[in-house]
Undergrad: 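Have a look at this one.
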Amino acid sequence: MSFHTLGLSKPLLKAVSQEGYSEPTPIQKKAIPVVLEGRDVLAAAQTGTGKTAGFTLPLLEKLSQSHPKMKQKQIRALVLTPTRELAAQVAQSVKTYGAHMPYRSAVIFGGVGINPQLSALRKGVEIVIATPGRLLDIASQKCIDFSALEVLILDEADRMLDMGFIHDIKKLMKMMPQKRQTLLFSATFSPEIKKLASGLLHNPKTIEVARENTTAEQISQVVHHVDKSRKRELLSQLIKTKKWEQVLVFTRTKHGANRLTKQLEESGIKAAAIHGNKSQGARTKALADFKARKIGVLVATDIAARGIDIDQLPHVVNYELPNVPEDYVHRIGRTGRAGEKGEAVSLVCVDEHKLLYGIEKFIGSKIEKVDIEAFRPDPSIKPEPIQNGSNSRRRKRTGGSRSASHGGSNRQRSANRR
Ligand code: AMP
């Protein structure tokens, strides 16, 4: 099947072909016709499946089908995302796929000056891509008008709920017209997502695509058991001996990311950390340097890495296993994207055996263990409780029973978000 059969017009087909896409991905095949029909959509699709084009292409097509007269500050489409990085990337996709169309877009998120964002809205845009917090600030100041909104898209809705954005989303929703098309994308269909969907979507078409990124053919997964104190040494050795040129390394905490980055730099490996305590400028620069191959290793926490779009990332390393099994799937989904092969390596110490067991249960298969002779763990070392760093300050909006029951991981997420 080619893109031509999906009902997209020439400017979009041209942009798609300029991107080098020859065939739509499964989520695109399923979502594009349904969105064009005008139906609400509840889609289970993870990063790496091509979901962004799955909603951006039909969104642009729909906008081109009518030409309403817009008043100042009115917008026609809104994409909500959990993180700044994802917002920036969706905005880039809107620009890329809309390159031959007249639509203007603005990206709105916290952590950077509000004035350029307000000025873009004043000048007039059809499409806004935003994180909920900053958008709500702007909407409360009446600097954006949702009365002409035609399409609302919630991207990575599960993450938005995890990060405590539900109240902001509900407040925003009250400002929007009832008659609109709504698309909700989420990696999972948890009871919370279903509840959110039932309040937001009208007779939605449910779309699910296989979790391609977790299949063994696309991503080879391996565990090396190693003592905690020797992980850094093993990582440096793997990078050097295997000649890895672009590696995304995950740590559990921001402090851990900083420390590891420093240690790698000291051993002659160019690295940068990307996490919630870094300014937007520093994060953008780290990502740009990584993409330009000026640095070989990007050390990231889970939230910061969400939505990072790097084509064909060959290696992902779990320097520390995540507390939540879903995060393992998200992490390894950073490699083996859109049909490319990838490798996910986890360095697991004795403290993390329980986490590994939980991950294997979640993904429904055992991960291959490969012993590296020189790094065999010392059997006399006994497990210790896992430290989650000092990020225990919570945001008000992440409080409540749900985040309490998730303990450290949500604390980590909410702290990282800032
Ligand atoms: P996403 O799941 O939206 O983050 O997309 C993952 C990656 O797949 C991005 O790097 C896209 O550029 C790429 N991609 C999206 N659609 C296609 C396609 N039809 N063919 C090849 N690559 C694609």
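Atoms within each ligand, like the ligands themselves, are counted from 1 in listed order. Just so it is clear, the model here is predicted, and its values are computed rather than measured.
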Undergrad: Any atoms of ligand 1 less than 4.0 Å from a non-hydrogen atom of F3? List them with their elements.
TA: 19 (N)
Undergrad: Show me which atoms of ligand 1 lie under 4.0 Å from any heavy atom of T49.
TA: 2 (O)
Undergrad: Anything under 30° is parallel, anything over 60° is perpendicular, the rest tilted; go ahead and classify H225 against H353.
TA: perpendicular
Undergrad: Of all the atoms in ligand 1, which lie at a distance below 4.0 Å from a heavy atom belonging to E23?
TA: 18 (C), 19 (N), 20 (N)
Undergrad: Atom 20 (N) of ligand 1: which of F55, F185, Y21 has the nearest heavy atom?
TA: Y21
Undergrad: List every atom of ligand 1 that sits less than 4.0 Å from any heavy atom of T52, numbering the atoms from 1 in the order shown and giving each element.
TA: 1 (P), 3 (O), 4 (O)
Undergrad: Ignoring hydrogens and geometry beyond distance, is a side-chain donor-acceptor pair present between T81 and E156 at under 3.5 Å?
TA: no
Undergrad: Going by distance only, is there an N or O of G50 that falls short of 3.5 Å from an N or O of ligand 1?
TA: yes
Undergrad: Does atom NZ (K62) have a neighbourhood of more than 12 heavy atoms from anything else shown, all under 6.0 Å?
TA: yes
Undergrad: Below 3.5 angstrom, do we get any N/O pair linking Y97 and ligand 1?
TA: no
Undergrad: Is there a nitrogen or oxygen of E19 sitting under 3.5 Å from a nitrogen or oxygen of ligand 1?
TA: no
Undergrad: Salt-bridge test for E126 and R104: reply yes if a basic N is under 4.0 Å from a carboxylate O, no otherwise.
TA: yes
Undergrad: Is it true that, when you exclude E37 itself, more than 12 heavy atoms of the residues, nucleotides or ligands shown sit nearer than 6.0 Å to its CD?
TA: yes
Undergrad: So, does S9 use its side chain to make a donor-acceptor pair with the main chain of P11 at under 3.5 Å?
TA: no
Undergrad: Does I367 offer a backbone N or O that forms a donor-acceptor pair with the side chain of E360 under 3.5 Å?
TA: yes
Undergrad: So, regarding S22 and ligand 1 (criterion: nitrogen or oxygen to nitrogen or oxygen, under 3.5 Å), is there a contact or not?
TA: no
Undergrad: At less than 4.0 angstrom from any non-hydrogen atom of K51, what atoms of ligand 1 do you find?
TA: 1 (P), 2 (O), 3 (O)
